[in-house]
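First up is the structure itself, then whatever we jot down about it.
Letters A, B, ... mirror the listed sequences (proteins, then strands); counts begin at 1.
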Amino acid sequence: MTETNSSKSPSLATAPIPGQAPSSTEELNTHLRKDYEHGFTTDVESDTLPPGLNEDVIRHISRMKNEPDFLLEWRLDAYRHWLTQRAPNWAKLNIDPIDYQAISYYSAPKTEKDGPKSLDEVDPKLLETYEKLGIPLAERAALAGVAVDAVFDSVSVATTFKDKLAKEGIIFCSFSEAVQKHPELIKRYLGSVVPTTDNYFASLNSAVFTDGSFVFIPKGVRCPMELSTYFRINAANTGQFERTLIIAEAGSYVSYLEGCTAPQRDENQLHAAVVELIALEDSEIKYSTVQNWYPGDENGVGGIYNFVTKRGDCRGDHSKISWTQVETGSAITWKYPSCLLRGDNSIGEFHSIAVTNHHQQADTGTKMIHLGKNTRSTIVSKGISAGQAQNIYRGLVHMGKNASASRNHTRCDSLLMGDRCGAHTYPYMEVKNPSARVEHEATTSRIGEDQLFYCRQRGISEEDAVSMIVNGFCKEVFRELPMEFAVEAQNLLALSLEGSIG
Amino acid sequence: MLKINNLHVRVGEKTILNGIDLAVKPGEVHAIMGPNGSGKSTLSHVLAGREGYEVIEGEVLYQGNNLLDLSPEARAHAGLFLGFQYPVEIPGVNNMYFLKAAINARRVVQGRNELDAFDFIQMAKTKAKLVGLDESLLQRSVNEGFSGGEKKRNEIFQMAVLEPILAILDETDSGLDIDALRIVAEGVNALRDPERSVILVTHYQRLLDYIVPDYVHVLSEGRIVRSGGRELALTLEEKGYGWLKEKSPHIAPAGPGA
């Protein structure tokens, strides 16, 4: 399907598809049942606030973090606005009501007063956790040339390669540290892409965020390594409210990677992050996410609510922001990494793989807001649905009045496994400039019994065949990931879908 | 090598195969012909282990073992190859990558070392030449966007790479024009070997002009109603399948003997 110019046409493709032999569905479903490998918790003493949310809690967080007054005021404004709002209900998601007073808004592992100065000072149990996740900070980071800012619950516990980066004038640190050391940058840029009033979850995050990452790449600097953050929710009943802010000055380049995992628990946990990217003229930010939060068990019990606002602002001419995401975890995902294409000739990209299995729900996509002249955007979305999961692509392409000669190309593919899952596509297009061009292509396919039989007849086991077919389907997006993460993402995909065919 | 005894198969409530007897020795080429709906494709699929078929009676011995007990991949590892009537497309999966995975899966089961990329590519290029497959197709996604003729040639190429002991070619000639048919047939002929048996399943005798079988069997209503040499195919070509029904309906299958 190719559509040009203005149209609003939600298309819908939902399993079951007829002609499905029940026996192979059964087999698929058996395969789909696969335990979450990262379901362990770390036994460290935590300094946790009692559950509940009010202005005192926010003051407490701000005081614990020794924040300047402007930030406390900013938080309180956000909180007051949040109180006037309601949770959005336009997504195609079934969400049990969330009791915000039952959540604890601050949890930090107890450490020496000043925090660890090097990896040696970090609680070995924390490091062990990272080991289990497959990211031994010290060696692997060095080998892979990745600087890791590891966030354990709310406090950043270790940052590597900071010195090397500092030589280039690059700032890469926890958000809290940036507040202490670079308050002028925080004041200038925080909330300039996602204002405190943007949406319900962004307001909540602005009020109670505890930590996150901060990146600043000075003019003309090409960041010499991939920057990476591993988020992990550990303590029970704590929400995790990350705040990430990345600023690329004129002519600079940075590639940032974010990986997420959470332990297994019966109750749902809330993760409401905000990520803001600012690209000034001729700069480029590449932001990649591998998200593997605990998805809940096969009956839909437990799992992370992942309600995230991510937005990049191509503020300067000829700037570029590209989002790449591999989403395999979370019980519910509500996430639309977006680009504001303000600078003339700026470029926005969104490459996504979203996998849902069992009872997972994902409503995800992007917004490409074309404001400048001759701006370009590309959207490639690959949705994979198995078990009884629902996978929704929702995307907005907006061509503003001044976005002359701007172009968008959207490609949206869905893959269904089994006959109880669903894939839905909701593309929205708003075109206000007659010279702008918008194209949308969508396909829905199924891993067929005949594809599997073909592979097995050639001697390839069913599991290997599924993984091969799925990886083939996702190839275009994997290509966008940095090498070592592409391999990890492929393994993750295979794990998430192991045994699911029909 | 392959011995089918009194095989009865049904799909749902419908019985498709009504007592098939067939014996194939090493190096022999058997053609199985028959009108649409006679059970030809069912026989191919049951031998390869496709789901959805229920064997209600009879047995299939392959190299002395009970073939029907094996999973499809185990049959492949034991050297059974099915050339598909409709080869399946697998978008995004490189043809070479796919075949390397296939050949190495078998080698692992056999306790042999996996082929490395270099050795595999050398071997694959040689085989591509042998069956007349354009090398550019090797790097494309499995069967994606291939023409009908290219898909069939790719099947024969896979057969050449996997070096089966028993190859079942299901309607390999369907949908091919005469030039493509000749190229595919030459590929199969190049792979004839005293240790390799071939079962050609076909509706038309024209394939047998190019691949000369040792035996021809005619399948009708789930049963082999007649067996003979190559001339049987020519008689069928001349008189049509209706001719068999006019004749005495049951002639003991004169199998080539086991």
Contact summary for [X] and [Y], nearest pair of heavy atoms:
| X | Y | value |
| --- | --- | --- |
| Glu73(B) | Ile460(A) | CB-O, 4.3 Å |
| Gly472(A) | Val93(B) | CA-CG2, 3.9 Å |
| Ala105(B) | Gly459(A) | CB-O, 3.1 Å |
| Leu162(B) | Arg458(A) | CD1-CD, 3.8 Å |
| Pro72(B) | Phe453(A) | CB-CE1, 4.2 Å |
| Arg456(A) | Ser71(B) | NH2-CB, 4.1 Å |

Heavy atoms from other residues, nucleotides or ligands near [atom1] of [X] exceed 12 (cutoff 6.0 Å):
| X | atom1 | value |
| --- | --- | --- |
| Arg107(B) | CZ | yes |
| Asn66(B) | CG | yes |
| Gln110(B) | CD | yes |

Self-check item: Distance (rounded to the nearest 0.5 Å) between Gln451(A) CD and Asn143(B) CG
Solution: 10.5 Å

Quiz prompt | Region of Tyr454(A) in contact with chain B, defined by heavy-atom distances below 4.5 Å | solution = both

Quiz prompt | Heavy-atom proximity to chain B below 4.5 Å, by part of Cys455(A) | solution = both

Is there side-chain contact between [X] and [Y], with heavy atoms separated by less than 4.5 Å?
| X | Y | result |
| --- | --- | --- |
| Gln457(A) | Arg50(B) | no |
| Met468(A) | Phe98(B) | yes |
| Tyr97(B) | Asn471(A) | no |

Quiz item: Do Asp450(A) and Tyr86(B) get their side chains close enough for a donor-acceptor pair, meaning under 3.5 Å?
Solution: no

Quiz item: If you tally heavy-atom pairs under 4.5 Å against chain A, which of Arg106(B), His45(B), Gln158(B), His77(B) wins?
Solution: Gln158(B)

